[in-house]
Amino acid sequence: MSKPLPTGAAAEDQTGRFVVQPNGRPRPLSPHLQVWRWHVTMLGSILHRVTGSALVGGVILVVLWLGALAFGPEAYATFVALAGSPLGLLVWIGLSLAAFYHLAAGVRHLIWDTGAGLTPRAANLLSSLSIAFAVVATIALWVGLFVTGKVAL
């Protein structure tokens with residue numbers, strides 16, 4: 001015996017904003033990117049998640065580095081050669097960018113946790129500053145490494 005479908009505005013909606021659940025009740029669809037107007041705090045949120053995931057890859061690289069160190073000079077020389085190659089340097093630069101952004105976004109979240117910076121204007125500013133800090137800090141780090149000769153192509 002099937003239940004009768006509910007009546008009312010939600011059940012009769014023709015806009016596609018509702019979906020009928022298996023129990024027969026309509027429920028609203030979650031808003032998604034096509035519904036919301038894009039803004040920098042959305043980008044900040046997405047980048048925070050992506051950089052957190054990228055940093056897991058960085059941890060794996062550090063474990064591989066320690067493993068190469070433990071397996072002797074030959075394994076370590078191979079790792080250093082790969083890490084110092086142009087592709088390897090690109091990976092390390094990307095990881096440092098991810099680390100700086102994730103750090104800045106964490107500080108942004110700590111500020112929000114105090115109740116400050118929650119207005120749209122302040123939230124947008126903090127998100128923009130997080131991105132700018134990550135880019136500037138990454139450039140400064142790698143320029144410093146190249147200028148001092150600690151890293152070379």
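Excluded from the calculations below are hydrogen atoms, water molecules and symmetry mates; all remaining heavy atoms, backbone and side chain alike, are included. As the structure is a prediction and not an experimental result, all values here were calculated from the model. Numbers for residues simply follow the sequence, beginning at 1.
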Between [X] and [Y], which heavy-atom pair has the shortest distance, and what is it?
X	Y	result
Ala105	His48	CB-ND1, 2.8 Å
Leu61	Trp92	CB-CH2, 3.9 Å
Ala152	Leu89	O-CD1, 4.2 Å
Phe146	Val151	CD2-O, 3.3 Å
Ser96	Leu141	CB-CD2, 4.0 Å
Trp112	Ala123	CZ2-CB, 3.8 Å

[X] and [Y]: same hydrophobic cluster, using ILVMFWY side-chain contacts below 4.5 Å?
X	Y	value
Val59	Tyr101	no
Val135	Leu126	no
Val80	Trp142	yes
Leu118	Leu129	no
Phe133	Ile111	no

Exercise. Taking the side chain from Thr51 and the backbone from Leu47, do they hold a donor-acceptor pair closer than 3.5 Å?
Worked result: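 Between the backbone of Leu47 and the side chain of Thr51 there is a qualifying donor-acceptor contact (under 3.5 Å).
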
Exercise. Should Ile131 and Val40 count as side-chain neighbours, where that means a heavy-atom distance under 4.5 Å?
Worked result: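 Counting from C-beta outward, Ile131 and Val40 do come under 4.5 Å.
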
Exercise. Run the side-chain contact (heavy atoms from CB on, under 4.5 Å) check on Ile93 and Leu97 step by step: do they pass?
Worked result: CA-CA 6 Å; Ile93 291 169; Leu97 179 64; 5.6 Å; no

Exercise. What's the verdict on side-chain hydrogen bond (donor to acceptor under 3.5 Å, both in side chains) for Ser53 and Arg49, showing C-alpha distance, side-chain angles and the deciding distance?
Worked result: CA-CA 6 Å; Ser53 298; Arg49 288 174 174 89; over 6 Å; no

Enumerate, atom names and distances included, each donor-acceptor pair closer than 3.5 Å involving a side-chain atom of residues 63-77, sequence neighbours excluded.
unit_1: Trp65; atom_1: NE1; unit_2: Tyr76; atom_2: OH; d: 3.4

Problem set entry | side chain to side chain contact (heavy atoms under 4.5 Å, CB included) partners of Leu55, counting only residues at least two apart |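 In terms of side chain to side chain contact (heavy atoms under 4.5 Å, CB included), with neighbours along the sequence ignored, Leu55 is linked to Ala98, Ala99, His102.
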
